Number of protein chains: 2
Amino acid sequence: MIPRKISVAKKKTPQEDGTTEEKIKQAARKVFIRKGFAATRTRDIAEEAGLNLALLNYYFRSKEKLFDLIMLENMQQFMLGMKDIFNNESSTLNVKVIDFVANYINLLKSQPDLPLFILHELKANPQKFVENVGVKKVLFESHFFKQINEATKGKIDSFQLVINMMALTVFPFIACPLLKSIGNLKQNQFDELMEERKVMIPRWINSMLKIK
Amino acid sequence: MIPRKISVAKKKTPQEDGTTEEKIKQAARKVFIRKGFAATRTRDIAEEAGLNLALLNYYFRSKEKLFDLIMLENMQQFMLGMKDIFNNESSTLNVKVIDFVANYINLLKSQPDLPLFILHELKANPQKFVENVGVKKVLFESHFFKQINEATKGKIDSFQLVINMMALTVFPFIACPLLKSIGNLKQNQFDELMEERKVMIPRWINSMLKIK
DNA sequence: GTCTATAATTCGATAGAC
DNA sequence: GTCTATCGAATTATAGAC
């Protein structure tokens, strides 16, 4: 059989025309993120897209190739925010923290399943995606890291602080069902809590920076 | 076909005799936690146990029933530590935090995949397991919560603080592959970082409590 | 490009011998 | 209780008509 061309990165406008290819990608994105790779059936994606199963293979050759595409895009999206904020040379440390937290909480309110999806698939297949993270050393040489070191005179490992910032911001969304259960929260109450965290997390981080 | 009895909670010694049933459970535990329900094949479990596929169904009737058993046990194990520590009436707030962090980091060093597994399966099937959490209101009426309220005079929502404590403790293990990648860490360096956190997290939590 | 129908494979579960 | 062999359903992928 003649291998069909896979069209990729065609430089279209972001939120996309109603191309069949794009419809499939959008549907795949939705279903993969909700259920993960293994639990997703190609039929689910086809149905979600309102299209036929055969078209998936026509455009993307296989479930796995489609998944890899989606996964890569999601990881890049997830990492993008960090890079931009951390390397902004004209903002203060405090503003960077505020920006980071607000940006990610906004992102996660619209896509709550994203981090669990990424981290689960990353663990399932570390060697495959971990190279594509695309931040790496950029983080360690960032303006943000220098500012932390200045502010704390090296008292806190900058990396640990970034872990803390990510943990405080992202973890509640990963543990959402658990937290809703033990806190007896409805979705809007959970959202409320996350809004509070948007202002609290920067204060908490700030208090860590001040530890002698 | 005659339904066979499923033996459950037989009151054996904890880490168990070499019963076939127990071998299967141990193997299932290992494979399910590593790969999740959907990606696990019953054949994997049988192979891991060094036994035949048919025995799984003989002892546990189905993949799903076996999974539910494992899942329930894991959730209980994961929640147990909290309950005990939070309700200890004779320890100070600070000691409770120290105990919580040390206990969980020790647990997670020996079972790093546990939280991602639980949270992923909980999201995949919220209505099924969420009732069995077994903490619920116990947490809100705990000695721990009262101590937080006293210490901060209600300045911090106790629930938010517990979220923070869990986030700072658990998140690094959930994000382990990502953190190892962006930090260029080997496993022993990662473990080192977690050891540092054992002493740092209580300090960070403490600094949050002191915010005016 | 898009569809229907189906091939090929995988996987959970069971029958039946021992 | 344990095994081998196999059934049947589900699922990915493809062939071929339009």
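Only a predicted model underlies this, so the values are computations on that prediction, with no experimental measurement involved. Each chain gets a letter, A, B and so on, in the order its sequence line appears, and its residues count up from 1.
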Nearest whole angstrom, please: distance from the C1' of C:dC3 to the CD of A:Glu47. 16 Å
Which nucleotide in the set C:dT2, C:dA13, C:dG12 lies at the smallest distance from any side-chain heavy atom of B:Asn57? C:dA13
Taking atom P of C:dC11 as reference, at what distance in whole Å does atom CZ of B:Arg41 sit?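 Rounding to the nearest Å, CZ of B:Arg41 and P of C:dC11 are 4 Å apart.
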Ignoring the backbone of A:Lys63, work out which of D:dT2, D:dA13, C:dC3 is nearest its side chain. D:dA13
Should the pair A:Lys65 and A:Tyr59 be classed as cation-pi, given the thresholds of under 6.0 Å to the six-membered ring centre and 45° from the axis?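 Judged by the rule, A:Lys65 and A:Tyr59 form no cation-pi pair.
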Counting only side-chain nitrogens and oxygens, does A:Thr20 get under 4.0 Å of the OP1 or OP2 atom of C:dT2?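 Indeed, a polar side-chain atom of A:Thr20 lies that close.
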For A:Leu53 and D:dG16, what is the distance between atoms CG and C1' respectively, to the nearest whole Å?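 In whole Å, D:dG16 C1' lies 16 Å from A:Leu53 CG.
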What residues, two or more places apart in sequence or in another chain, satisfy ring pair (Phe, Tyr, Trp, His ring centres under 6.0 Å) together with A:Phe171? none
Rounding to an integer number of Å, can you tell me how far A:Leu55 CG sits from D:dC18 C1'? 14 Å
Between P of C:dC3 and NZ of A:Lys23, the distance in whole Å: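 Distance check: A:Lys23 NZ to C:dC3 P gives 9 Å.
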Can you measure B:Glu22 atom CD to D:dG1 atom P for me and round it to whole angstrom units?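 In whole Å, D:dG1 P and B:Glu22 CD are 14 Å from each other.
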I need the CG-C1' distance between B:Leu51 and D:dG1, as an integer number of Å.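 That distance rounds to 11 Å.
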Measure from NZ or CZ of B:Lys63 to the centre of the six-membered ring of B:Phe32 and say whether it is under 6.0 Å with the direction within 45° of the ring axis.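 Because its charged atom misses either the 6.0 Å distance or the 45° angle limit, B:Lys63 does not stack over B:Phe32.
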In residues 192-202 of chain A, what donor-acceptor pairs under 3.5 Å come from side-chain atoms, sequence neighbours left out?
| residue | atom | partner | partner atom | Å |
| --- | --- | --- | --- | --- |
| A:Glu195 | OE1 | A:Lys198 | NZ | 3.4 |
| A:Glu195 | OE2 | A:Lys109 | NZ | 2.5 |
| A:Glu195 | OE2 | A:Lys198 | NZ | 3.2 |
| A:Glu196 | OE1 | B:Gln160 | NE2 | 3.4 |
| A:Arg197 | NE | A:Leu168 | O | 3.4 |
| A:Arg197 | NH1 | B:Gln160 | OE1 | 2.8 |
| A:Arg197 | NH1 | B:Asn164 | OD1 | 2.9 |
| A:Arg197 | NH2 | A:Leu168 | O | 3.0 |
| A:Arg197 | NH2 | B:Asn164 | OD1 | 2.6 |
| A:Lys198 | NZ | A:Asn106 | OD1 | 2.7 |

OP1 or OP2 of D:dT14 under 4.0 Å from side-chain N/O of A:Tyr58: no
Look at the side chain of B:Ala54 and decide which nucleotide, out of C:dC3, C:dT14, D:dT2, has an atom nearest to it. C:dT14
B:Asp44 CG - C:dG12 P separation (whole Å): 8 Å
Does the side chain of A:Asn52 get closer than 4.0 angstrom to OP1 or OP2 of C:dC3 through an N or O atom? no
Any salt bridge between A:Lys96 and A:Asp99, counting N to O under 4.0 Å? no
